[in-house]
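First the proteins, then the strands, lettered A, B, ... as listed; each starts at 1.
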Amino acid sequence: MNNVITRFAPSPTGNLHIGGVRTALYNYLIAKKYHGKFLLRIEDTDRERSKEEYVQDILQSLQWLNITWDQLVFQSQRSDLYINHLKILEEKGSVYKCFCEKDRLEALRKDQMEKKLPIKYDKKCLLNPAPNHGSFVYRLKNERHEKIIIKDNVLGEVTFDPKEFDDLIIRRSDGTFTYNYVVVIDDIDLKITHVIRGVDHLNNTAKQILLYEALGKSLPEFAHIPLIMGSDGKRLSKRHGAASLLEYKTAGFLPEALNNFLARIGWGYKDEEIFTLDELLQKFELNSINPSHGIFNYEKLLWLNGHYLSKKNPAEIISLIKEQLGVAIGDVPASLIELIKPRSKTLQELYDQLLFYVNDEITIQDDAKKMIPPEMIKPAQDLIEEFKANSEWNKQMLEQSFQKVITKHSLKLVQLAQFVRAAVTGKKASPGIFEIIEILGKDRTIRRIESATHFGME
RNA sequence: GGUCCCAUCGUCUAGUGGCCUAGGACGCUGGCCUCUCACGCCGGAAACACGGGUUCGAAACCCGUUGGGACCA
C-alpha cells in the first residue's frame, strides 16, 4: 500500500477519552505501518460548543501517548473549501434549495409517524419548486436505487437500502454546513485513503458514500471499529470512571500501558499480551480487528501498568513522578524504589509507599495500630538499646539485633517486625523490614520506634 | 419503533473445517516462598448463547431464534 493517509477527527467539545484515543491509535498505527501520514483534524465547526481548552486537551493527550501527527487542520479555517464544493455540486445539479419551513416538516414527520412510514423529506422543493423566498437549506438529491454496499475492513460487506435515507441537508439555513458534508469534503481534500472510525458512524458512512458519488470521487477504504463499553455493557462514560485520558496520566498510568491496553481491546495476536508501539506497528492489521465490542477492563490495565512500571529504572521513576503527579520527591535511594516497584501498579501507589521516607513525620494508620500493643513496648526499647550499642548499621547487624531481642523476650520475629514496621512506615505492610530500616537510617528509625513506644503507652 | 452491527471462560482474546479433551492473559482461587504485603513459581475452577441444516467431520460455513449494542426518530 502506498501513500496511506489516515486521520483522527475529534470535535473539541469535551476532553478526549479512552474510546477516542483508541480510534486515534488505530489510525496512527495503520498510517505508520505503511509509512504513510497520520492527520489530526479538529472538527470545530460548532462554534458554540467547541472550546480551546478541549483542543489543548486533545493535543496533549495524544502527545503524551506518543501518537504523533504529521499535519494538524482545523475545520473552522476551511470554509472556503466547503463553499467551493457546494458550487460544484450545484453546477452538477446534484443539490437543490429547499424552502420548506419548520412547521411543514414537523407536520410531515408527524403524519409519517402516524402512518408508520419511514421518516424522510418528501422532496417537495425538488418536485414542485416554489418561488424563491425566505430562508432555505441545500439538500443533496438522493436518486439512487441500487443498494449501497460498504466494503468494510473490519465488518466485511454491509448493505444499506438508499430508500432509507433522506435528501441529506448539506447546508443549513444559517449558512453553516452539516457534519456529513464537511467530513466528506475534508476527507477528499486531504486525500484520506483509510477512514477508520467507530461503528457508531456506520450509518453516516452510507450517507457519505452518496456524497462521494455525487462529487464523482472514489471511495477510501473504510474500517468501522467496535466501541468500548463499560463494565455494565453500556457505552463508556463518566459513570465508569476516568472520563478523560489525562486523568490516567495524573493517576500514574504509563503511556506504554495505555497504548498496549487499548490496542488489545478488540484485537489480539497469537498468545501475546505485551506490545510496545513498535511491535504494534509490526503486528497490527485492520482485518484482524474483532468486530464485536469490547468491555473496558480496569484490572487488566492495572496489571499492564505494573508490568511497564517494573521496566523503569529508579531515575526514570523519579522523573515520571514529578512529571505526571506534579510532585518533587528529591533524593530517594534507588534501592528503595527497587523495593517498592514490584509492590506498585501505578506511579501514585509507588509514591504513596515512598512517603514514609520522603516525609519527616508519619502518621500511623488505624489498621496498623494494633501492631503496636503495650506488651511490645519493652522489647522495642531493648531493640533501640541494641541499635545504640552498635556502631554499625547494616542488614546483618540489624538481623542480629532483632534475633537477640526476640530470644530474650520469647517472641516470634513477626511480632517485632510488625511493631517496627508500623512504627517506621505507619502501615502494616511494606517491603522487608531490615531493608527498610537500613535505608531509612539509624537516627530516623530509632526516633520513630521511640515515638511508637510512647503511642503504645497511651 | 425503523435500519444496521455483534455473539468463545466474569473480562480481553487464540482459533480461518480434522492439530480442540477449546490455548493464553487479567481477575478469582489452592499451595510454595516468607518478618508483613507484593513479586516470583507450581496447581485449580471457569466459555464455543440456543435450534436447525451443510459435511465423513463443525467453535469455525449457511438459515432461523434469543440476547446485547449502535444509529435515526
Side-chain angles (χ1 to χ4, degrees), chain A residues 19 106 109-110 112-120 147-150 152 154-166 168 180 197-207 224-236 260-275 287-307 309-310 338-345 349-350 353 367-368 371 398-399 402-403 406 411-422 424-425 427-437:
Chain A
E106 266 175 26
R109 203 183 78 180
K110 209 175 159 190
Q112 288 170 336
M113 275 172 78
E114 276 170 15
K115 291 176 181 165
K116 298 196 170 163
L117 294 167
I119 290 152
K120 53 190 279 194
K147 305 273 185 187
I148 302 168
I149 297 172
I150 301 172
D152 189 273
V154 175
L155 302 173
E157 291 192 355
V158 182
T159 307
F160 286 90
D161 188 340
K163 287 199 270 302
E164 300 293 330
F165 298 121
D166 239 341
L168 189 72
N180 281 307
R197 53 173 43 148
V199 266
D200 48 337
H201 283 98
L202 197 54
N203 283 282
N204 284 332
T205 299
K207 294 175 191 172
H224 291 88
I225 62 180
L227 270 18
I228 301 177
M229 306 295 185
S231 46
D232 55 359
K234 302 289 181 197
R235 213 175 158 174
L236 207 55
N260 195 151
F261 174 70
L262 292 175
R264 280 284 284 108
I265 302 180
W267 176 80
Y269 183 84
K270 299 184 181 170
D271 276 357
E272 298 175 22
E273 294 291 340
I274 304 297
F275 301 91
N287 60 17
S288 56
I289 295 173
N290 216 308
S292 56
H293 66 229
I295 288 173
F296 184 90
N297 184 347
Y298 185 74
E299 299 296 331
K300 190 141 190 179
L301 173 59
L302 270 181
W303 175 78
L304 274 168
N305 204 61
H307 170 83
L309 198 56
S310 72
E338 292 293 357
L339 288 174
I340 293 175
K341 213 164 65 171
R343 293 168 170 81
S344 314
K345 300 269 196 223
E349 279 181 24
L350 195 150
Q353 294 180 78
D367 60 358
M371 309 275 85
L398 291 169
E399 287 196 46
F402 271 68
Q403 211 44 253
I406 64 173
L411 295 168
K412 287 182 175 166
L413 178 56
V414 61
Q415 294 172 279
L416 189 58
Q418 284 299 77
F419 182 98
V420 176
R421 191 186 317 280
V424 154
T425 68
K427 297 176 181 179
K428 64 176 184 179
S430 83
I433 193 63
F434 305 122
E435 288 86 348
I436 282 290
I437 61 179

* How is A:G266 classified with respect to the nucleic acid when contacts are heavy atoms under 4.0 Å: base, sugar-phosphate, or nothing? -> sugar-phosphate
* Structure fact -> Taking B:C26, B:U13, B:U36 as options, the one with an atom nearest any side-chain atom of A:K300 is B:C26
* Could you check whether A:I433 gets within reach of a base, just the sugar-phosphate, or nothing at all, counting any heavy atom under 4.0 Å? => base
* Reckon A:E299 touches a base, only the sugar-phosphate, or nothing at all at heavy-atom distances under 4.0 Å? -> sugar-phosphate
Nucleotide N/O to protein N/O under 3.5 Å, stretch nucleotides 37-39 of chain B:
unit_1	atom_1	unit_2	atom_2	d
B:C37	O2	A:R343	NE	2.7
B:C37	N3	A:R343	NE	3.3
B:C37	N3	A:R343	NH2	2.9
B:C37	N4	A:R343	NH2	3.4
B:A38	O2'	A:P342	O	2.6

* A:E338 and A:K341 ion-paired at < 4.0 Å -> yes
Find every protein N or O atom lying less than 3.5 Å from an N or O atom of nucleotides 46-49 of chain B, and list the pairs.
none

* Check every strand shown and say whether A:L227 touches a base, only sugar-phosphate, or nothing at a heavy-atom separation below 4.0 Å. => sugar-phosphate
* When all nucleic acid strands are considered with a 4.0 Å heavy-atom cut-off, which category describes A:M229: base, sugar-phosphate, or nothing? -> sugar-phosphate
* Between A:E157 and A:K147, is there a salt bridge with N-O shorter than 4.0 Å? -> no
* **B:U8 and B:G68, which share atom name C1', separated by this distance in whole Å** => 16 Å
* With heavy atoms under 4.0 Å as the rule, sort A:F160 into base, sugar-phosphate or nothing. => sugar-phosphate
* Given side chains that start at C-beta, do those of A:R421 and A:K427 come closer than 4.5 Å, heavy atoms only? -> no
* To do: Compute the ring centroids of A:F275 and A:W267, then answer whether they are less than 6.0 Å apart.
  => yes
* Asked: How is A:E338 classified with respect to the nucleic acid when contacts are heavy atoms under 4.0 Å: base, sugar-phosphate, or nothing?
  -> nothing
* Give a yes/no on whether any side-chain N or O of A:N297 is located under 4.0 angstrom from OP1 or OP2 of B:A25. => no
* Asked: Considering heavy-atom distances to RNA chain B, does A:R421 or A:D271 have its closest nucleotide positioned more toward the 5' end?
  -> A:D271
* Asked: How do A:R109 and A:N290 order along RNA chain B: which one's closest nucleotide is nearer the 5' end?
  -> A:N290
* Please state how far atom NZ in A:K147 lies from atom P in B:U3, giving the value in whole angstrom units. => 11 Å
